[in-house]
Every structure is written in C-alpha cells, then in structure tokens.
Engineer: 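Sending over a structure as structure tokens; questions will come in a sec.
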Protein chains: 2
Amino acid sequence: MPQPRKRATIREVAKATGLSPASVSYALRGMQVSEETIERVRRVAAELGYEADPIARALASGRTGMIGLLCGSLEDLWQQALAVGIGRALKDNDRYALILDATGDPSRERTLARQLRDQRVDALIVQPVDPAAPLWAELCESLPVVSIGDSLAGARTAGEVVFDNRAGVTLALEHMRDRGHRRIAVLTPTRASTPDRPADVHVLAETARLGLDIEVVTAPQALAAATDVARRMLAGGHRAFFCFADSIAYGVYAASAEQGLRIPADVSVMGYDDHPMSGLLSPGLTTVDWDIDGIVRAAVRLVVAAADGNTRRRRIVQAPELRERGSVG
Amino acid sequence: MPQPRKRATIREVAKATGLSPASVSYALRGMQVSEETIERVRRVAAELGYEADPIARALASGRTGMIGLLCGSLEDLWQQALAVGIGRALKDNDRYALILDATGDPSRERTLARQLRDQRVDALIVQPVDPAAPLWAELCESLPVVSIGDSLAGARTAGEVVFDNRAGVTLALEHMRDRGHRRIAVLTPTRASTPDRPADVHVLAETARLGLDIEVVTAPQALAAATDVARRMLAGGHRAFFCFADSIAYGVYAASAEQGLRIPADVSVMGYDDHPMSGLLSPGLTTVDWDIDGIVRAAVRLVVAAADGNTRRRRIVQAPELRERGSVG
DNA sequence: ACGGTTCACTGAAACGGTTCACTGAAACGT
DNA sequence: ACGTTTCAGTGAACCGTTTCAGTGAACCGT
C-alpha cells in the first residue's frame with residue numbers, strides 16, 4: 001500500500017508567515033485582509049506547495065464547488081452525449097461535475113441522489129428516472145436541483161429544462177400515420193413503475209386520437225439488449241416501430257439487418273432524441289430532435305446561477321423538431 | 001437558498017444508546033464490540049435516520065470507498081462506453097465511481113488527477129492522455145493507480161491493462177496494404193506533444209516496413225469536428241484512412257457521404273476500437289477490436305483488489321482482433 | 001481629548017467522524 | 001489467591017479547514 005506523502009497544512013503556512021491560520025484562510029480567498037498580506041501569503045503558500053484540502057474545506061464550509069449530475073441511464077447514447085456536454089460546459093464555467101449513473105433504477109436513483117447531497121455538491125442536475133418520487137421534494141429542501149426532461153412533481157426545483165413531449169409524440173405519431181402506418185410497436189426505456197408518466201400518457205392520448213393500434217413494450221438502451229427486444233417484436237410480426245430513444249431504434253436496425261429485412265422497405269423506424277450517429281446510418285434515422293446543445297446550455301446556466309445563490313426559478317420548455325431522414329417507409 | 005435540514009450525528013446516536021461515540025463508530029462498522037451492542041446500535045441508528053457523513057468520514061479516515069476514473073477524452077464514443085461499463089462493473093462490486101473527463105488536455109489531466117487524489121478516492125483508473133508525464137510517478141506514491149491503454153512510464157502502478165498496439169497497428173496496416181492501399185492518411189486523436197508515443201512509433205515502424213506512404217494528422221473525436229478534418233483530407237485527394245479511434249472514422253463516413261463518395265468503392269476506412277455502432281453502419285466499419293468487456297472486467301478486478309490493499313501488481317496485455325466488415329475496398 | 005468607526009488580524013469553537021491508548025471487569029489456569 | 005489474558009467499552013486527540021465574535025490600534029470629526 002503506497003504511503004500518502006505528507007502535505008503542507010494551513011497551519012504550516014501560518015507559521016511560515018507569522019500569521020494565524022484564520023488569516024491565511026481569509027487571505028487565500030482574498031477576503032478581510034490587506035492586499036500586501038494577501039500577496040505575501042500567496043507567495044509563501046506557493047513556495048510550500050500548499051493547496052487547501054477539499055475534504056476539510058467541505059466539512060467546514062459545506063461547499064465544494066462541484067455540481068452533481070445524476071443521469072437516468074447512461075446506456076443511452078444520447079444521455080451519454082448530454083453528460084459529456086454538460087461536463088464540458090461546466091468546465092468552461094470553472095465548475096466541475098460529478099457524473100453518476102442511476103442505471104434506470106429508481107432505488108439506485110434515490111441512493112445516488114442522497115449520496116451527492118452528502119458529498120456537499122453545490123447543486124444538482126438530474127434527469128429523473130422517476131419524476132414523481134417524493135425524494136425530489138426532500139432533496140430540493142437542502143440544495144438547488146435542476147431537472148432535465150420531466151418536471152419534478154411537488155418539488156421546489158431551482159429550474160427545469162423540460163421537453164414538450166406532447167408535441168414530440170404528436171410529431172412522431174402523425175408522421176407515421178401520414179406514411180400509412182396503423183399498427184405500431186412503441187418501445188420505451190425501462191423505467192419506474194409510475195404508470196402515468198407524462199410522455200406515456202401523451203402516447204396513449206395521441207394514438208387514440210389518430211386511431212392507431214399500438215403495443216407498448218419496454219426496452220433497455222444498450223444495443224445488444226435493445227436488439228433482443230426488437231428481434232422478438234419482428235418475430236411477432238411488427239414492422240413499424242416508434243422508439244422512445246434513438247439508442248433503442250439502433251436495436252431495430254440491428255435486428256432487421258440480421259433477418260435480412262430492409263429499412264424502410266420492409267420495416268419502418270422512428271427514434272426520439274437525435275443522437276449524432278442517427279444521421280450516419282443508412283437510411284438515416286427519422287427522429288425527433290431536441291437541440292441537445294440548447295439543453296446543455298440552458299441546464300448549465302440554470303444550475304450555475306442556482307449554485308451562486310441566485311434564487312430566480314425558471315422553467316424552459318424545449319420544442320421538438322422532426323428530423324426526417326428516410327427510415328419511415 | 002434552501003436550508004440544509006439538520007441530520008442526526010454520531011453523538012446523538014451515542015446519547016440515545018448510552019454509549020460513547022467511539023463505540024457507536026465501531027459498532028456501525030461491526031468491530032470491537034459485542035454482537036448484542038452492534039444490533040442495538042444499528043436499530044437506534046435506523047430509528048434516528050442516522051447515516052455517517054461521508055465527508056467527515058473521509059477527513060478522519062482518509063478513505064471514501066470511491067474509485068476515481070479519469071478518462072482521456074469522453075468525446076470518443078468508445079471511451080464513453082468504457083466509462084459506462086466500468087461504472088456499472090464497480091457498482092456490482094459495491095463501489096462507486098467518480099468519472100472525470102480530461103478532454104484530451106494534459107494539463108487538465110494533471111489538475112483532475114490531483115483533485116481525485118485530494119478527494120481521497122481509494123484508487124484510480126486512468127486512461128492516460130500523456131502516459132509519459134512525471135505526474136503518474138507522483139500519484140502512484142500516494143494511491144493505487146491502474147492504467148488502461150498505455151503503460152505509465154516510470155511509475156509504480158498497481159496494475160495495467162495495456163493494448164498490444166504493435167499488433168493492432170500491424171493488423172490494420174497489413175489489411176490495408178493487402179487491399180492494395182499505399183497512400184494512407186492516419187488520423188490520430190489530439191494528444192500530448194509527446195512525440196514518441198508508443199502507438200505512433202509503431203505506425204511509423206510498420207509503414208516503413210510495409211513500404212507505405214502515410215500522412216499523419218490529428219483529429220478530435222467529436223463527430224462534427226472529425227468530419228471537418230476528414231473533409232479537408234478528402235479535398236486533399238486522400239481516399240484511404242486509418243483512424244486511431246472509431247469515432248474519428250465516423251467523421252470519414254460523414255464527410256464522404258456529403259461529397260457523394262461511396263465507401264468502400266471510392267473511399268476506404270479503417271477504425272480502431274470497435275464501438276457497437278461500427279457494426280450498424282453500412283458498410284460496417286472494418287476495425288481493430290479490443291474486447292471492451294474484457295478490459296472493463298480486468299481493470300475493475302485490478303482496481304478493486306488494489307483498493308482492498310492487495311499489492312500484487314499485474315500487467316494484462318490485450319490482444320487485438322481484426323473485425324472485417326467491408327469498409328476497406 | 002474623546003467617543004465612534006474602520007481596519008487588520010486572532011483565538012477558539014465548530015464541522016462529524018475515526019483511532020489510539022487505556023480501563024475495569026470477568027474469565028482463566030495453576 | 002494470584003497474575004495473566006481477553007473483552008467491551010471509553011476519553012480525548014486528531015483530521016484540516018472555516019467562521020464567529022472579538023481585540024487592539026490607528027484614524028476620524030468635533
């Protein structure tokens with residue numbers, strides 16, 4: 001087991017400058033002491049290679065400068081892209097992100113959310129698996145929370161970037177109906193048992209309105225697992241798919257290819273998200289685009305403002321756009 | 001600003017059980033006290049909703065139970081997959097990962113690596129941007145480090161999962177030569193200025209041996225940026241590409257499609273990594289496969305052992321496999 | 001000369017755990 | 001009856017900061 005090398009503490013800096021630890025602490029944060037002293041302390045600290053211990057700092061001050069990011073399921077390529085984008089945007093704001101993956105499991109979501117709070121993150125961005133969980137209200141009591149995707153029921157969030165799923169679903173299903181599809185398999189991500197999740201409600205409402213015959217099935221976002229599900233649905237005679245995540249649609253591509261079925265001649269697929277790879281497939285995946293960069297920017301702006309103590313709450317609604325590429329025959 | 005709700009401390013549990021804080025601390029970790037007391041303390045703690053504060057615990061004990069994961073560049077889809085896989089595998093070991101993204105920048109890599117050490121992660125998995133940096137030797141002094149991809153020069157790592165890049169490069173370049181390509185553009189990720197990075201050395205050696213005419217260019221892994229580079233190379237007359245990451249190869253697909261060039265008829269592309277999406281493209285991307293699951297398992301096994309105090313150092317060499325899918329004409 | 005500010009800095013108490021060295025009692029062997 | 005172990009549990013120092021409530025000196029206007 002390696003030996004932790006001994007590091008300089010604030011007391012040593014205090015000794016070396018002839019000041020009290022308190023003054024050094026203030027000086028290093030540029031408060032309450034004379035310019036001259038600040039300069040001197042900085043110099044001595046640099047000489048000694050002193051850097052404040054983030055753990056001790058967190059314990060004493062309750063602040064860390066970190067932003068927590070709790071993703072619903074990182075198996076999803078789009079969510080991966082979102083996480084990476086948020087991480088980089090936060091970096092540009094001199095913040096840094098703690099990225100955690102709830103793996104689509106509400107109970108893990110609970111555990112990790114609490115863990116982040118206990119880690120003293122200054123604020124939290126969450127892409128909820130179960131937006132109706134009481135957890136969120138509890139969490140909002142103790143730190144600013146920004147949600148992406150869905151509104152958190154009954155919680156005082158510090159901001160929300162929500163998708164207009166009603167419009168998105170309408171766009172998708174009308175497009176499929178216009179192309180002559182009536183019997184549609186809807187593949188949605190595995191998720192909380194909440195039966196009345198907003199997006200699902202819209203699907204039911206719209207299919208009823210448009211007179212469609214749907215079968216809803218949950219599917220994991222990992223390619224291999226999504227392919228399994230798609231394979232089963234193809235075997236069951238389904239030939240038109242509305243996938244609630246591009247990652248799931250990729251599974252339909254894979255399963256169709258295996259069985260020699262051609263898209264869009266034999267099988268029709270719609271995605272939901274627009275991951276960069278969707279444009280590279282042939283045919284390109286027709287999908288519903290949510291402007292991922294806009295979401296990243298909005299979420300980061302909200303969370304940084306909240307972490308800085310800004311209390312103005314905002315709700316930003318993202319409008320969807322149909323990205324037609326030819327996967328619906 | 002939300003008010004942190006007051007939480008139970010160990011002293012309150014001590015009061016409630018009539019024990020000393022020390023005993024409670026031991027009891028909750030199942031040490032040094034009688035079974036009966038352990039049971040009682042557990043019960044009372046649960047009643048009070050007590051849970052040990054991880055920050056205070058980290059300060060006092062220097063341990064956190066977390067494993068740090070420092071990725072070279074999360075723009076790369078393969079590295080994203082690796083990070084997600086490692087996160088999930090660690091979860092199965094009841095550990096949890098702190099995922100950070102060096103964004104391909106050696107100086108950020110330094111900062112983040114030190115930050116992880118200061119966060120008291122029990123161990124670190126790193127996919128180095130600059131494997132020759134003196135940083136690693138320093139880091140290995142204070143915590144177990146497992147590296148993925150390259151060996152860390154002069155550092156006493158706790159384990160390594162390295163790729164046999166010599167074999168991988170040979171596999172790729174021989175394949176291209178066998179298909180009749182002589183003039184090849186090599187697209188490598190942006191990286192440290194280290195000119196003698198092992199993989200690059202192999203490329204030069206092999207091209208010389210095989211009598212190839214190469215031009216080496218660095219390219220970012222983000223699709224849009226990689227496409228830009230590919231576009232320029234196509235404009236420069238290049239028609240055969242060896243990309244040192246599948247993500248970069250995707251950029252060649254995109255740029256070729258834009259210009260109406262067909263793969264493999266007009267343009268040939270080889271990747272390096274084998275991301276799941278590579279099999280979905282048409283034609284599938286011919287690439288060098290590194291068995292990502294094996295890497296994940298090996299790295300996690302090594303790092304968990306090291307975090308548990310096991311000092312046996314191991315070096316695992318991954319052998320490449322050519323995954324031929326038709327993108328090389 | 002005097003009360004009142006301002007300024008630069010300090011002492012000590014947090015923050016919430018862990019761990020070391022120790023204690024008193026019971027159990028043990030002889 | 002005695003010295004030795006073992007056991008369950010304790011007191012207090014410690015981890016490395018931050019922050020609150022002062023303190024003494026210099027400076028102010030009158």
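Naming convention: chains lettered A, B, ... in sequence-line order (proteins, then strands); numbering from 1 in each chain.
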Engineer: Pairs under 3.5 angstrom only: tabulate donor-acceptor contacts from the side chains of residues 36-44 of chain A to other protein residues two or more places apart or in another chain.
Structural biologist:
from: A:T37; atom 1: OG1; to: A:S34; atom 2: OG; distance (Å): 2.7
from: A:R40; atom 1: NH1; to: A:T17; atom 2: O; distance (Å): 2.9

Engineer: side-chain hydrogen bond (donor to acceptor under 3.5 Å, both in side chains) with B:R88: which residues, sequence neighbours excluded?
Structural biologist: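 If we apply the side-chain hydrogen bond (donor to acceptor under 3.5 Å, both in side chains) test to B:R88, skipping adjacent residues, the hits are A:E75, A:D101.
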Engineer: Which residues satisfy the side chain to side chain contact (heavy atoms under 4.5 Å, CB included) test with B:R297, sequence neighbours excluded?
Structural biologist: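 By the side chain to side chain contact (heavy atoms under 4.5 Å, CB included) rule, B:R297 matches B:D293.
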Engineer: Check the distance between C:dG16's P and B:L28's CG and give it to me in whole angstrom.
Structural biologist: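 Taking CG of B:L28 and P of C:dG16, I get 16 Å after rounding.
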Engineer: For DNA chain D, which consecutive runs of 3 or more Watson-Crick or G-U pairs (each distance under 3.5 Å) count as stems?
Structural biologist: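 So far as stems of 3 or more pairs are concerned, DNA chain D shows C:1-30 with D:1-30.
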Engineer: Got a sec, which residues hit side chain to side chain contact (heavy atoms under 4.5 Å, CB included) with B:R108, two or more places apart in sequence or on another chain?
Structural biologist: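 In terms of side chain to side chain contact (heavy atoms under 4.5 Å, CB included), with neighbours along the sequence ignored, B:R108 is linked to A:K91, A:Y96, B:T103, B:D105, B:L112.
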Engineer: Is a donor-acceptor contact shorter than 3.5 angstrom present between the side chain of B:R11 and the base of C:dG17?
Structural biologist: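 Check passes, donor-acceptor contact within cut-off.
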Engineer: Listed by chain and number, what are the side chain to side chain contact (heavy atoms under 4.5 Å, CB included) partners of A:A113, not counting sequence neighbours?
Structural biologist: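 Side chain to side chain contact (heavy atoms under 4.5 Å, CB included) check on A:A113 returns A:L70, A:L135, A:W136, A:L139.
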Engineer: I'd like to know if the side chain of A:E109 reaches the main chain of A:D130, judged simply by a donor and an acceptor atom lying under 3.5 Å from each other, with no hydrogens or angles considered.
Structural biologist: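 The answer is yes, because a donor-acceptor pair under 3.5 Å joins these two groups.
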Engineer: Which residues pass the side-chain hydrogen bond (donor to acceptor under 3.5 Å, both in side chains) test with B:S147, not counting sequence neighbours?
Structural biologist: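 B:S147: no side-chain hydrogen bond (donor to acceptor under 3.5 Å, both in side chains) contacts found.
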Engineer: Let me know the distance between NZ of A:K15 and P of C:dT10, rounded to the nearest Å.
Structural biologist: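 Value for this atom pair: 12 Å.
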Engineer: Could you state the CG-P distance from B:L19 to D:dA12, rounded to the nearest angstrom?
Structural biologist: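 From B:L19 CG to D:dA12 P: 17 Å.
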Engineer: Which residues pass the side-chain hydrogen bond (donor to acceptor under 3.5 Å, both in side chains) test with B:R57, sequence neighbours left out?
Structural biologist: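 B:R57: no side-chain hydrogen bond (donor to acceptor under 3.5 Å, both in side chains) contacts found.
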Engineer: Detail all sub-3.5 Å separations between protein N/O atoms and N/O atoms belonging to nucleotides 19-23 of chain D.
Structural biologist:
from: D:dT19; atom 1: OP2; to: A:R29; atom 2: NH1; distance (Å): 2.9
from: D:dC20; atom 1: N4; to: A:Y26; atom 2: OH; distance (Å): 3.1

Engineer: Just to verify, what does B:R95 make a side-chain hydrogen bond (donor to acceptor under 3.5 Å, both in side chains) with, not counting sequence neighbours?
Structural biologist: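 B:R95 satisfies side-chain hydrogen bond (donor to acceptor under 3.5 Å, both in side chains) with B:D122, B:D308 only.
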Engineer: Rounded to whole angstrom units, what separation is found between the CZ atom of B:R120 and the P atom of C:dT18?
Structural biologist: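 Result: 14 Å.
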Engineer: Is the shortest distance from a Lys or Arg side-chain nitrogen in B:E141 or B:R156 to a carboxylate oxygen in the other one below 4.0 Å?
Structural biologist: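 No.
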Engineer: Between C1' on D:dT17 and CD on A:E12, what's the gap in Å once rounded to a whole number?
Structural biologist: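 After rounding, the gap between these two atoms is 14 Å.
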Engineer: List the residues meeting side chain to side chain contact (heavy atoms under 4.5 Å, CB included) with B:A97, not counting sequence neighbours, and say none if there are none.
Structural biologist: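 If we apply the side chain to side chain contact (heavy atoms under 4.5 Å, CB included) test to B:A97, skipping adjacent residues, the hits are B:L90, B:I99.
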Engineer: Which residues in residues 33-56 of chain B have at least one heavy atom lying under 4.0 Å from any atom of DNA chain D?
Structural biologist: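 Here the set is B:V33, B:S34, B:T37.
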